[in-house]
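Structure record follows, encoded as C-alpha cells.
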Amino acid sequence: MKRKLKILIIDDDDVDIRMMARTINASGLNATSISASGADTGEQMAMRESPDCIFIDYDLPGSNGLKLLKRLNSQQVTIPVVIVTGRGDETVAAEAIKLGAKDYIPKHKITPQRMASIVQRITTNKPASPPGESLTNAYDVSTLADHSPVIQFLVDNSGVIKVCKGQWISKLTLTPGDIEDKTIFDMAGRIPVSVLDYKRALEGNEVNGEIELNDRFFTMHYVPLHNDSHEVHAVSCFAIDITESKQSEAALKHSLMEAEELRKIKESFLANMSHEIRTPIHGILNLSDILLKTKLEGEQRKFLDAIKKSADNLLVIINDILDISKIEANKMTIENAPFNLREVINTVYDLFKPRSEERNISLEVHVADELPQTVVGDSVRFSQILNNLVNNAIKFTEHGKVRIEVALEETNDHFCIITTRVTDSGIGIPAHKLQTVFDSFMQASDDITRKYGGTGLGLSICRKLVEMQGGMIDVESEMNNGSVFTFRLPFEIVDAVEPQNTGDQKLYESSTSLHVLVVEDNEINQLVVNKIIKDWGFTGDTAATGKEALALAKQNPYDIILMDIEMPGMNGYEVTGELRRLEAGKHVPILAMTAHANTDEKEKCLQAGMNDYISKPFEAGELWQKVMSLTETMPGQTAVPEADPGKQARSGHSREASTRVTNLEYLKMMSEDNENFFRDFIRLFLDNTPDAIKELNEASQNKDWERVRYI
Ligand code: ADP
C-alpha cells in the first residue's frame with residue numbers, strides 16, 4: 001500500500017484552510033493535510049514536518065507567498081510548492097514559477113479533480129525528463145489547451161463531443177461540463193460548430209468554414225482523425241473568434257467606399273467648378289478684348305490690361321487644378337498620333353518670343369539636325385511640358401537668356417529617345433528644394449508666390465505627364481546662376497509625314513457640311529471668312545453688296561448667313577430687315593459680323609432680326625461656336641468648345657499674340673502651309689490699303705464722318 005501523502009497548507013484565512021482540506025479529502029488522494037496560518041509558522045512546519053507538498057497562499061500577513069518561497073529556497077527546502085493566488089494575477093504566477101514553484105492556482109479554480117491532478121504531478125518522483133520534454137506532460141498540454149483562445153472540440157464519429165477546451169468557452173456562458181458528452185447535433189446553435197462541415201470531415205476531408213454565433217464570427221477548421229484501420233474515428237474541430245478582425249475589415253471596407261465616394265465627389269466638384277469658373281473667365285477675357293478695342297482714357301487701358309492678365313492667370317490655374325485632379329483620378333490619357341516635333345517646338349518658341357522680348361531676355365532654340373521629322377506621341381502633352389518649362393524659365397529669369405535644346409539621345413530605325421533641355425540664367429533653386437519642386441503645390445521659397453505668382457502645380461503636372469509617357473524629368477540648378485530642366489521621352493519614328501492632328505481640327509471634325517452665304521464688302525475679310533468655312537468643309541457664296549445678298553438668298557436655301565454690318569449702299573441691318581420680310585417659312589439664322597461689338601451694337605443687331613453677332617477680328621473657334629449654336633448642330637452648347645487642358649493652357653498663353661493688330665501670327669495660323677493664301681492676303685492688303693488711306697484722308701478733310709466710319 002502506498003504511503004499517505006502529507007500536504008501543508010499555509011494560509012492566514014481559516015475558512016480557506018478548511019476549504020482546501022475538504023477539497024483534498026474529496027480529491028480521492030491518499031493524503032492528509034496540515035496547516036499553518038502565517039509565514040513563520042509555515043516555514044517552521046515545513047522544516048519540521050517534511051510534507052510532500054506545500055500550498056502557500058500569496059497574501060500572508062506581514063509577508064507574502066513569494067517571500068516565503070524565497071526563504072524556503074534559501075533553507076535548501078526542496079519540497080514542491082504551489083502558490084495559491086487570490087486574484088489570478090498572471091505576474092504573481094510568473095514570478096512564482098521563476099522562483100521554483102511547481103504550479104500556481106487561483107483560489108476559485110481549486111476543484112477536487114484539479115487538486116488531485118496537481119498533487120499527483122508534483123509529488124510523483126518521475127525520472128528527470130530530458131530537456132525540452134518537461135512541458136509536454138499531459139497536464140501542461142491540457143492547461144495549454146484550456147488557456148488557448150482557440151476553441152477545440154474533439155467529436156467522435158457518432159457526433160458526441162468528447163473533449164471541449166479553450167478559454168473562450170466561458171464567453172459562451174458555458175463550461176466544458178455543459179458541452180462534453182453532448183452531441184454536436186444537440187449543441188449546434190450554442191457552440192461554434194457546423195454539423196455540415198463536421199460531416200464532410202467525417203468523409204475524410206479537412207474543411208475550413210465560417211460561422212456566426214450570437215453576433216460573433218468564427219473561422220473553423222475541421223481535421224479528420226484516423227484510427228489504426230485508417231477509418232475516421234473522430235474529428236477535431238477548431239474555432240477562432242474573428243469578430244474583431246471582421247469588424248475592422250468591415251470598417252476598412254466602409255472607409256474605402258467612403259474614400260472612393262469622396263474622390264468621386266471631389267472629381268465632379270472640380271469638373272463642375274472649373275467649368276463654372278471657366279465660363280465667366282472666358283466672358284471676362286472676351287469682354288476685355290472688346291473693351292480694349294474701344295477708345296480708352298487715362299489709366300483705363302492699364303487697368304483693363306491688368307484685368308485681362310489676371311483672368312489669363314486664373315484660367316491657367318483652373319486648368320492646372322483640373323489637370324492634377326485628372327491625373328490623380330487616372331483619367332488623363334496620352335494620345336498616340338504622328339506629329340512633327342520641330343513644328344511643335346517652333347510653336348512654343350513663337351509663343352514665348354514676344355514675352356522674352358518684353359522682358360529683355362534672349363530666347364534661343366536649338367534643334368539637332370538628326371531629329372526625326374515625324375514621331376508618334378502626344379504632341380499636345382509634349383508642348384504642354386515644354387510650355388511649362390519655358391514659361392518658368394522666362395518667369396524666373398531677370399536678365400540673360402533662356403535656351404531650348406532638343407537632341408536625339410538614342411535611336412534605332414523605329415524608336416528614339418528625345419532629350420529636351422530648357423536652360424536659363426535665372427534665380428536658381430536652392431539645393432535642398434531641387435526634388436520637392438516637382439511635388440504638388442511646392443515652391444522653392446515662401447516669397448515665390450508674392451514675387452512671381454504661380455501655384456506650384458506646373459512642375460508636378462510636367463513630371464506626371466513625362467512619367468505617363470515613359471520618360472523622366474530632372475533639374476540641376478545653382479542659386480543665382482540659373483537652372484536646367486531636362487526631360488527625356490521615348491517616341492516611335494514614322495516615315496510618312498502624316499497631317500498633324502491638331503486640337504483645332506479635332507474641334508471641327510463633327511461638323512455636318514453647311515451651305516453658307518457670306519455677305520461682306522471688304523475683300524480681306526471675305527478671304528478670311530471664306531478660308532475658315534472652306535477649311536471646315538462648308539460650301540457657300542459670297543455677296544459683296546446687300547443687293548447681291550438678297551438676290552443670292554432668294555435663289556439658294558442657305559443654312560446660315562454671315563452678315564457684315566458696315567457696307568456701302570444697303571448696310572447689314574437693312575439687308576437683314578429685307579431678308580426677314582421676304583422670308584417665307586424657313587427662318588435662316590443670320591450672324592452679324594461687326595467691328596463695334598458693344599452692347600448697343602448687339603441690341604441693334606437683334607432688333608434688326610439677326611440672331612447673334614461676332615466681333616471682328618474673331619478666331620476660328622469663336623466663329624465655329626456661334627455657327628454651331630445657331631444651326632443647332634451642337635445643341636445646348638454655348639460656351640467655347642472645351643479643348644483638352646493642355647491646349648487650354650496653351651490658348652491661355654497664346655491669346656495675347658493672336659489678338660495683336662500688327663502680329664501676323666493669326667494670318668500664319670489661318671494660312672497653315674498655304675503659301676498662296678498668305679501671299680494673296682498680304683497682296684490684297686498692300687493693294688487696298690493705300691487707296692483706303694487716301695479715301696480716309698479725303699473723307700476726313702471733307703468732314704464726311706459717315707464715310708470715314710465705312711472705310
Ligand atoms: P509655379 O511656377 O506655378 O510656382 P511650378 O510647379 O511650375 O509652379 O514650379 C514650382 C517651383 O519651382 C516654383 O515656384 C519655383 O520656386 C521653382 N522653379 C521652377 N522653375 C524654375 C526656374 N526655371 N528657375 C527657378 N525656380 C524655378
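Hydrogens, waters and symmetry mates are skipped; everything else that's a heavy atom, side chains included, is used. Order of listing sets the numbers, starting from 1, for every ligand and every atom in it.
Below 3.5 Å of separation, one finds an N or O of Leu459 facing an N or O of ligand 1. Between Gly456 and ligand 1, an N or O atom pair is found at a separation short of 3.5 Å. Checking only distances, Ile429 never comes within under 3.5 Å of ligand 1, N or O to N or O. Considering backbone and side-chain N/O atoms, Ser460 never comes within less than 3.5 Å of an N/O atom of ligand 1.
A salt bridge does not link Glu249 with Lys246: every distance from a Lys NZ or Arg NE/NH1/NH2 to an Asp or Glu carboxylate oxygen is 4.0 Å or more. Ion pairing of Asp424 with Arg403 is absent here, as no side-chain N (NZ or NE/NH1/NH2) approaches a carboxylate O to less than 4.0 Å.
One finds the CD1 atom of Ile361 at 11.0 Å from the CD atom of Glu357 (value rounded to the nearest 0.5 Å).
Atom NZ of Lys264 has 12 or fewer heavy atoms from other residues, nucleotides or ligands within 6.0 Å. Other residues, nucleotides and ligands place no more than 12 heavy atoms under 6.0 Å from the CE atom of Met472. The number of heavy-atom neighbours closer than 6.0 Å to CD of Glu328, taken from other residues, nucleotides and ligands shown, is above 12.
The ligand atoms of ligand 1 that sit less than 4.0 angstrom from a heavy atom of Met442 are 10 (C), 11 (C). Close contacts of ligand 1 with Ser483, meaning ligand atoms under 4.0 Å from a residue heavy atom, involve 22 (C), 24 (N), 25 (C). Each of the following atoms of ligand 1 lies closer than 4.0 Å to a heavy atom of Leu457: 6 (O), 8 (O). Distances below 4.0 Å separate heavy atoms of Gly458 from the following atoms of ligand 1: 5 (P), 6 (O), 7 (O), 8 (O).
Atom 7 (O) of ligand 1 has as its closest protein heavy atom Asn392 ND2, 2.7 Å. Of the protein's non-hydrogen atoms, the one nearest atom 3 (O) of ligand 1 is Thr455 N, 2.9 Å. Protein heavy atom at the shortest distance from atom 12 (O) of ligand 1 is Val437 CG1, 3.4 Å. Annotation: atom 16 (O) of ligand 1 to nearest protein heavy atom, Ala444 N, 2.8 Å. Looking only at heavy atoms of the protein, atom 23 (N) of ligand 1 is closest to Asp424 OD2, 2.8 Å. In this structure, atom 2 (O) of ligand 1 lies nearest to the protein heavy atom Lys395 NZ, 3.1 Å. The nearest heavy-atom contact from the protein to atom 4 (O) of ligand 1 is Gln443 NE2, 2.6 Å. Scanning the protein for heavy atoms near atom 13 (C) of ligand 1, the closest one is Phe396 CZ, 3.7 Å.
Under the 4.5 Å side-chain criterion, counting only non-hydrogen atoms from C-beta, Leu389 is in contact with Phe487. Taking 4.5 Å as the limit, every side-chain heavy atom of Thr486 sits out of range of all side-chain heavy atoms of Ile473. Inter-residue side-chain proximity for Phe339 and Asp378 is flagged as unmet; no heavy-atom pair is nearer than 4.5 Å. Val390 places a side-chain heavy atom less than 4.5 Å from the side chain of Leu363. Put simply, the side chain of Thr423 does not reach to within 4.5 Å of the side chain of Val402, judged on heavy atoms.
Heavy-atom distances between Asn388 and ligand 1 stay at or above 4.0 Å for every pair. At a 4.0 Å cut-off, at least one heavy atom of Phe485 sits close enough to ligand 1 to count as contact. At least one heavy atom of Gly428 sits closer than 4.0 Å to an atom of ligand 1.
Cation-pi contact between Lys626 and Tyr613: present, with separation from the ring centre below 6.0 Å and deviation from the ring axis of at most 45°.
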